Each structure stands twice: as C-alpha cells, then as structure tokens.
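Just so it is clear, the model here is predicted, and its values are computed rather than measured.
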Amino acid sequence: MKKALLAFSIAGAMMLSISPVVDAVGNGPNYGGNETVNTSILHTYDELSSFLKKEEAKQKDMELEVIGQSVKGRDLYLVKYMKNPENPTILFLTQQHGNEQLTTEGALEFIKHLGTGKMKGVTDGVNILVVPMLNADGAMGDVDFSLDDYVASGGRNLTRYNALGIDLNRDHITKIQPETKALHDNVMRKYDVDYMIDLHHQGTQSEIDNEYVSGSILYPTTPNVDEDVVLKSKKLGAVVYDSIEKKGWGHLGKYNGGSAETISRNGIAVEYGISTLLFEMRGMSDHSYESYVLGQKSNGYLIKQTITTLDATVRAIADRSIESKDISFWDTLPFQTTRTTE
C-alpha cells in the first residue's frame, strides 16, 4: 500500500500522455498551498535494493553490479544491459543529489519496462547502464548534519549533499568522495560509454514564454570539450526535446549552466570524450527552500517525463536515428528565467 499513491500518479500520467491535455506538467502546484510533500511514497534505499535484485532475477538481459559503497557503507548499484560490447553505450545517472528522487523513480519504472515485450529487440542495438541512486545516504537523510529545516513529511528527509555535506556534482575533478570515486573507477573507466544523461531536479519557478517549464536541458559548455562531443551531445538533447515536446504536457527550456569541469556534464565530457546531457526536472522531493519543492500531484508527470526520456534515447541510439537528428532547435531554445513572485 505504501507505493499505491505513487503508482496511481504514474498511471495517471500515462493516461494523460495519450489524452488531450491543456496544462503542462510545469503547472503543478507548489508546496505551500493546499499540497503536501510526503517522502513515504518514494522508494527507500532498501526498497530500491530489493527491487533491483528482484528484477535481475526476472530479466535474463539484466545484470546488477555493486560499484562501491557510500560514506555510510551502502552498496551503490549499476544496472547493466550489455549484449554486444561493440554497440554504442548510454549511461543514465540519477540522484547525485539525494533530494532529487523522481528521476530515480522513473529510472526504476524504466528498468521494469526493459523487461517487457515492449522493448523487444531494442537492447540488441544499444548497451544501457543505469546508476539509479548515487547519493544513497543523502536520499535516506542519513547524514552528519541537521535537516531540521527541510520541509517534507513522511518519516525521512532527503538532502542534496552526501553524508559529509559534500555536493557530489562538484567532485568530478578531485573525486574525493567515495560515491564519485566509485562512479569514475568502476563505471566511467571500466565501460566504453558513448552517451550520458545526468538526471537532476531544479527549483519550481523556472519559466520560458511566461509558462513554467517541466524541465531544462543543456550540453557540455566548457571550452575544453571536443567539438564532436558537443555535436553528439546536442543530438542527444534533440532526441529528448522532440520526445517531450510532442507529448503536450512537457515544456522544456535551456538550462543556465556553468563551465566548471567539477560538474559531471562538463568534466566527464572532457575527461572521457563522452557526449553528455543535463536534464533538470521541475521541483524537488525535499529542500530547506520551500520554493524548490513541488507538490506531489506532479509526481506522475515528472516520472513519466523521465521514462519518456530514457525510452526515446535508447531507441534512437539503437536504430542510429540519433545520428541524423536536427540540432537547429538549440539556436532558438530560450534560456529559462526565474519567475518573480509577489
């Protein structure tokens, strides 16, 4: 029963995706109105671990690997679908920030999806890697600092930082934290990855065209990245943009991102020559800033947005249609701005 509400929201989003929809996902209610934010409907670390082990037992093409441990000793998982090492490989990375969990919920649904007949033949042409919860300690609120100011209810708070109060997405040069070290040592350097989508959440007040966005995207912007890597990153973004915008409930903008190589989008593109895309979904599961937290009635839409993104990209890579994607939309896609509230 614990996940009934979340399952209902996912089912509702899937129904809405095939029906006429007036409001975009971005128009979901903010925290602070008549909404609540309850973390008990989200997978705990133990539930995620159990889910992955059950799916591995059911899916013949799925392999589960432990790539390391968190500060508090939690195993960090990598889900693998690798039929042919010669195929292009895409990595989906979620929850570098522990309070950005709806992308993880979407990734888990997608993993289940990969075990169904709907994906028959797709994994013959693409290798898929998923790190579904890099910041396991932050996701569980098992940290060495106070979370008293965080707003969510439901028995646990979720934080951006790892147990030591470090932002993992600023540790991709020094790689000091055990979580980022595990990612680099046992994923980035071990597998021949061609594409990566780094899935995050942002605040609730970003907009373009006077409408809230459902998310924002950006390719690597450091001047040190190879031009061909940027080109392929933009094509990856084109797949995502086209798949979301045509649904009717999505509304994407361009993210205002920096050029620092401590950030995975930039650092991984430079160090490994991997084409990367940042996708920032609207709203967070928990935060000390109320304006960053989105009411949970939008959960289903945002989870569906994640599933749509993962499904579209693996199909485009598998059939090589990504190679002919038109990237001209990047030239006119507006940078999102922050709505000022009275």
Side-chain angles (χ1 to χ4, degrees), residues 67-68 70-71 76 90-101 103-104 107 129-139 159-162 164-189 193-203 206 213 215-234 236-237 240 252-282 284 287 289 292 306 309 313 330 333 335-336 338:
I67 60 172
S70 68
V71 171
L76 305 176
I90 184 166
L91 167 66
F92 299 114
L93 176 61
T94 81
Q95 260 189 302
Q96 288 200 69
H97 297 142
N99 61 343
E100 301 175 7
Q101 188 160 344
T103 58
T104 291
L129 304 175
V130 185
V131 176
M133 186 184 277
L134 187 65
N135 186 0
D137 297 340
T159 178
R160 176 183 182 90
Y161 307 107
N162 78 344
L164 301 179
I166 304 299
D167 186 333
L168 297 182
N169 201 28
R170 301 297 184 272
D171 189 40
H172 289 283
I173 291 180
T174 56
K175 309 173 185 71
I176 292 173
Q177 298 306 305
E179 296 91 349
T180 43
K181 189 175 188 302
L183 176 69
H184 284 267
D185 288 351
N186 297 317
V187 182
M188 311 315 305
R189 294 177 183 138
V193 179
D194 299 281
Y195 300 95
M196 181 187 82
I197 299 183
D198 187 16
L199 295 146
H200 286 262
H201 286 262
Q202 59 186 2
S206 296
V213 298
S216 58
I217 54 177
L218 190 63
Y219 47 83
T221 53
T222 169
N224 296 322
V225 67
D226 184 84
E227 289 183 3
D228 187 59
V229 171
V230 175
L231 175 61
K232 291 178 180 177
S233 298
K234 289 182 175 181
L236 183 61
V240 173
L252 300 184
K254 188 184 293 185
Y255 188 73
N256 287 294
S259 60
E261 292 174 21
T262 53
I263 300 170
S264 63
R265 166 177 54 86
N266 293 320
I268 285 174
V270 171
E271 185 170 356
Y272 305 102
I274 295 170
S275 297
T276 65
L277 185 76
L278 171 69
F279 196 156
E280 297 266 357
M281 310 284 174
R282 182 182 184 228
M284 299 184 189
H287 206 283
Y289 300 125
Y292 286 14
T306 303
T309 295
T313 51
W330 283 109
L333 182 66
F335 282 102
Q336 64 186 21
T338 301

Member of N135, T94, T306 meeting the side chain to side chain donor-acceptor pair (under 3.5 Å) criterion with T104 =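 Filter result, single survivor: T94.
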With distance as the sole criterion, is a donor-acceptor pair present between the side chains of N169 and Q96 under 3.5 Å?
->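 Side-chain D/A pair, N169 to Q96: present.
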Judged by modelled atom types alone, do N266 and T222 share a side-chain donor-acceptor pair under 3.5 Å?
->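 Looking only at side-chain atoms, T222 and N266 do not form any donor-acceptor pair under 3.5 Å.
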Ignoring hydrogens and angles, tell me if any N or O in the side chain of [X] forms a donor-acceptor pair with the backbone of [Y] under 3.5 Å.
{"X": "Q95", "Y": "M133", "result": "no"}
{"X": "S275", "Y": "V229", "result": "yes"}
{"X": "S259", "Y": "T221", "result": "no"}
{"X": "D137", "Y": "S70", "result": "no"}
{"X": "R265", "Y": "Y219", "result": "yes"}
{"X": "S233", "Y": "T276", "result": "yes"}

Decide if the gap between the ring center of H200 and the ring center of H97 is smaller than 6.0 angstrom.
->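 Yes, close enough.
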Contacts of D185 that satisfy side-chain hydrogen bond (donor to acceptor under 3.5 Å, both in side chains) - sequence neighbours left out |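 So D185 forms a side-chain hydrogen bond (donor to acceptor under 3.5 Å, both in side chains) with K181, R189.
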Evaluation steps, side-chain contact (heavy atoms from CB on, under 4.5 Å), between V131 and L76 = CA-CA 8 Å; V131 176; L76 305 176; over 6 Å; no
Is any side-chain heavy atom of Y272 less than 4.5 Å from a side-chain heavy atom of V193?
->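 No, every pair of side-chain atoms sits at 4.5 Å or beyond.
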Considering only heavy atoms from C-beta outward, does the side chain of T313 approach that of Y195 to under 4.5 Å?
->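 Counting from C-beta outward, T313 and Y195 never come under 4.5 Å.
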Measuring from L277:CG to L199:CG, what's the distance to the nearest 0.5 Å?
->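 Reported to 0.5 Å precision, the distance equals 8.5 Å.
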Candidate pair I176 and I166, rule side-chain contact (heavy atoms from CB on, under 4.5 Å), full reasoning | CA-CA 10 Å; I176 292 173; I166 304 299; over 6 Å; no
Where is the tightest heavy-atom contact between M284 and G203, given as atom of each residue plus distance?
->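 Here M284 and G203 meet closest at CE-N, 4.2 Å.
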Evaluate the side-chain contact (heavy atoms from CB on, under 4.5 Å) criterion for residues S264 and M196: first the C-alpha distance (whole Å), next the side-chain angles of each, then the deciding distance (0.1 Å), finally the verdict.
-> CA-CA 10 Å; S264 63; M196 181 187 82; 4.1 Å; yes
Intermediate values then yes/no, side-chain contact (heavy atoms from CB on, under 4.5 Å), H172 and E271 | CA-CA 10 Å; H172 289 283; E271 185 170 356; over 6 Å; no
Using the test ring pair (Phe, Tyr, Trp, His ring centres under 6.0 Å), find all partners of F92 that sit at least two apart in sequence or belong to another chain.
->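 Partners of F92 under the ring pair (Phe, Tyr, Trp, His ring centres under 6.0 Å) test: none.
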After noting the C-alpha distance and the side-chain angles of Q177 and D171, does the key distance pass the side chain to side chain donor-acceptor pair (under 3.5 Å) rule?
-> CA-CA 7 Å; Q177 298 306 305; D171 189 40; 5.1 Å; no
